[in-house]
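First comes the structure, then the notes that go with it.
By convention in this document, chain letters (A, B, ...) are assigned in the order of the sequence lines, proteins followed by strands, and residues within each chain are numbered from 1.
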2 protein chains.
Amino acid sequence: MPVNAANAVDKRRSLLHETRCQNCSLSSLCLPLALELEDMEQFDAIIRRRAPLKKGEALFRQGSAFNSVFAVRSGSLKQITTEGSGDDQVTNFYLPSELVGLDGIDEKTYPGSVIALETTTVCEIPFDRLDALSEQLPELRGQLYRSMSKELRDDRRMMRLLSRKTADQRLASFFTSLSDRFRRRGYSPYSFRLSMSRADIGNYLGLAVETVSRILGRFQQQELVEVSGREVHILNLEALATQAQDEP
Amino acid sequence: MPVNAANAVDKRRSLLHETRCQNCSLSSLCLPLALELEDMEQFDAIIRRRAPLKKGEALFRQGSAFNSVFAVRSGSLKQITTEGSGDDQVTNFYLPSELVGLDGIDEKTYPGSVIALETTTVCEIPFDRLDALSEQLPELRGQLYRSMSKELRDDRRMMRLLSRKTADQRLASFFTSLSDRFRRRGYSPYSFRLSMSRADIGNYLGLAVETVSRILGRFQQQELVEVSGREVHILNLEALATQAQDEP
DNA sequence: CGGCCTGTTGAGGGGGGTCAAGCAAGGTGG
DNA sequence: CCACCTTGCTTGACCCCCCTCAACAGGCCG
């Protein structure tokens, strides 16, 4: 066996090893969170590995056939839905361990495109096999129900934000929410890099890009955050959280 | 046996008969939609009957323990979430056959209160038993996944409405959506009665009551609808649907 | 009849959108 | 290596949509 072929096998084996749920650092947050080791192996067996997505590449497009849900392994993505002529709406950002595509189950097509914001790896989980396995594994089924329920809950929070909060409160909410999500994933809640553009943020929060920019400037004056490009340092998380509440 | 006792038995029997899924006129829309007759009996067996709610009564309150989901049988309800001091947000309206409470699964408490808008009857479905039954009945499980998925999809539509649409478009969307929901339930899509107040509508759509009132007036001038109190006649559904799209 | 609640209508002001210009960073080709 | 362009972000000026405040009308019930 030639040397490079042996290397290729090693590499594949190592990749396979890395991408097993049992060894995944996210397993305490991800879908198989509640599974015993033995059950996790069953779950692991139905997962399809995917080549990493490059920045800007689509995991899937709006309207394409729904077959799988995806768990984010590393990187991040945005969901955008298009209606009518070219008017996009960013409806979600996805971070590692989060499930993408649950809103496609009902009509068997994805209701929005999902685009990588940076180099991103995902685990593909064919939904029919997930459903079948959820019959045998009550913990898996429960976790799936909980994931969808959580997303519903988050959506309600987002609706409140969009219909009642001022631009300042929206951005404060955005930062505190991101901070919290990073914290849960073991990253610093105070220093992180935004993988999305100002345009994405504005679109997501229902604000013009210019407004996002202006308020970011104001937050810096108030020494709530320090922002340089996409690099964010939160200086006063508590004050931000206060801002984020919706009192006038 | 005294006459009135016999009557009571009859009445109870009749009530029981009425409230069985097999005889429910909504069964083609509701959760057991995909079930065979035999399976439906199993499903029917776990449902708890409830006394009708009067207008203004709560099905449950925000923060109370989650144990059941509910299927609306007749009437309608609103979901409201309270945050901070007295600032309510209407996050949903529920019509017959729709499922209430799915967003409580995750954290084992209901994230909002659900209030009857009129005299309303619901079927209570204890979630642990529903979950257990969904293990045996793949169709039931599938329908539950689909229901949650549909709600996610609807939420995304709502977010788009709240972040991109003008007040006119929001109200046009609201009416076309209601019209469509009535149509699917076998009611007239052109004539119906709003069970919610202007304040509820405004709150739900992220608008002030005054704005709702003004735009309703404008819609009448344009002969799109005829509104008298809570009685609505849609005169030009197509034009309303056009309005509802989000082109400037 | 007189409160109370819901809904309508008018006047005024502000938050944030739109339009426009400028600037820094990064890529590309000469 | 530099001129050029593109992309993303910031800042300023203006103005419009919708919120706020206020008064009022109608329906319901005591």
Out of [options], which has the shortest distance to the side chain of [X]?
{"X": "B:A208", "options": "C:dG7, D:dT20, D:dT10", "answer": "D:dT20"}
{"X": "B:E210", "options": "C:dG16, C:dG10, C:dC19", "answer": "C:dG10"}
{"X": "B:A167", "options": "C:dT9, D:dC18, D:dT10", "answer": "D:dC18"}
{"X": "A:T211", "options": "C:dG10, C:dG17, D:dC9", "answer": "C:dG17"}
{"X": "A:R198", "options": "C:dG16, C:dG7, D:dT10", "answer": "D:dT10"}

Does OP1 or OP2 of C:dG15 have a side-chain N or O of A:T166 closer than 4.0 Å?
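Answer is no, no contact under 4.0 Å.
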Under 4.0 Å from OP1 or OP2 of C:dT6: is there any side-chain N or O of B:S197 that close?
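Negative; the distance criterion is not met.
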On DNA chain C, does the nearest nucleotide to B:A199 precede the nearest nucleotide to B:R214 from the 5' side, or the other way round? Give the residue.
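With B:A199 and B:R214 compared, the 5'-side residue is B:A199.
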Check: [X] side chain, [Y] main-chain N or O, donor-acceptor pair, under 3.5 Å:
{"X": "A:R185", "Y": "A:R181", "value": "yes"}
{"X": "B:Q169", "Y": "B:Q245", "value": "yes"}
{"X": "B:S97", "Y": "B:C30", "value": "no"}

When the distance from [atom1] of [X] to [atom2] of [N] is rounded to whole Å, what number comes out?
{"X": "A:I215", "N": "C:dG16", "atom1": "CD1", "atom2": "P", "value": "6 Å"}
{"X": "A:R218", "N": "D:dT10", "atom1": "CZ", "atom2": "C1'", "value": "14 Å"}
{"X": "A:Q221", "N": "D:dT11", "atom1": "CD", "atom2": "C1'", "value": "12 Å"}
{"X": "A:R170", "N": "C:dG16", "atom1": "CZ", "atom2": "P", "value": "7 Å"}
{"X": "B:E231", "N": "D:dG26", "atom1": "CD", "atom2": "P", "value": "20 Å"}
{"X": "B:R230", "N": "D:dG27", "atom1": "CZ", "atom2": "P", "value": "15 Å"}
{"X": "B:L216", "N": "C:dT6", "atom1": "CG", "atom2": "P", "value": "17 Å"}
{"X": "B:D168", "N": "D:dC16", "atom1": "CG", "atom2": "C1'", "value": "13 Å"}

Contact class for A:L207 (heavy atom, under 4.0 Å): base, sugar-phosphate, or nothing?
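Sugar-phosphate contact only - A:L207 comes under 4.0 Å of backbone atoms but never of a base.
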How would you label the contact of A:G202 with the nucleic acid (heavy atoms, under 4.0 Å): base, sugar-phosphate, or nothing?
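No contact.
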Given B:V122, B:T121, B:T120, the one that forms side-chain contact (heavy atoms from CB on, under 4.5 Å) with B:P52
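Answer to the side-chain contact (heavy atoms from CB on, under 4.5 Å) test with B:P52 among B:V122, B:T121, B:T120: B:T121.
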What verdict does the salt bridge (charged side-chain N to carboxylate O under 4.0 Å, His left out) test give for A:K150 and A:E98, after you've listed the backbone C-alpha separation in whole Å, the side-chain angles of each residue and the deciding distance to 0.1 Å?
CA-CA 11 Å; A:K150 177 174 181 345; A:E98 293 175 337; over 6 Å; no
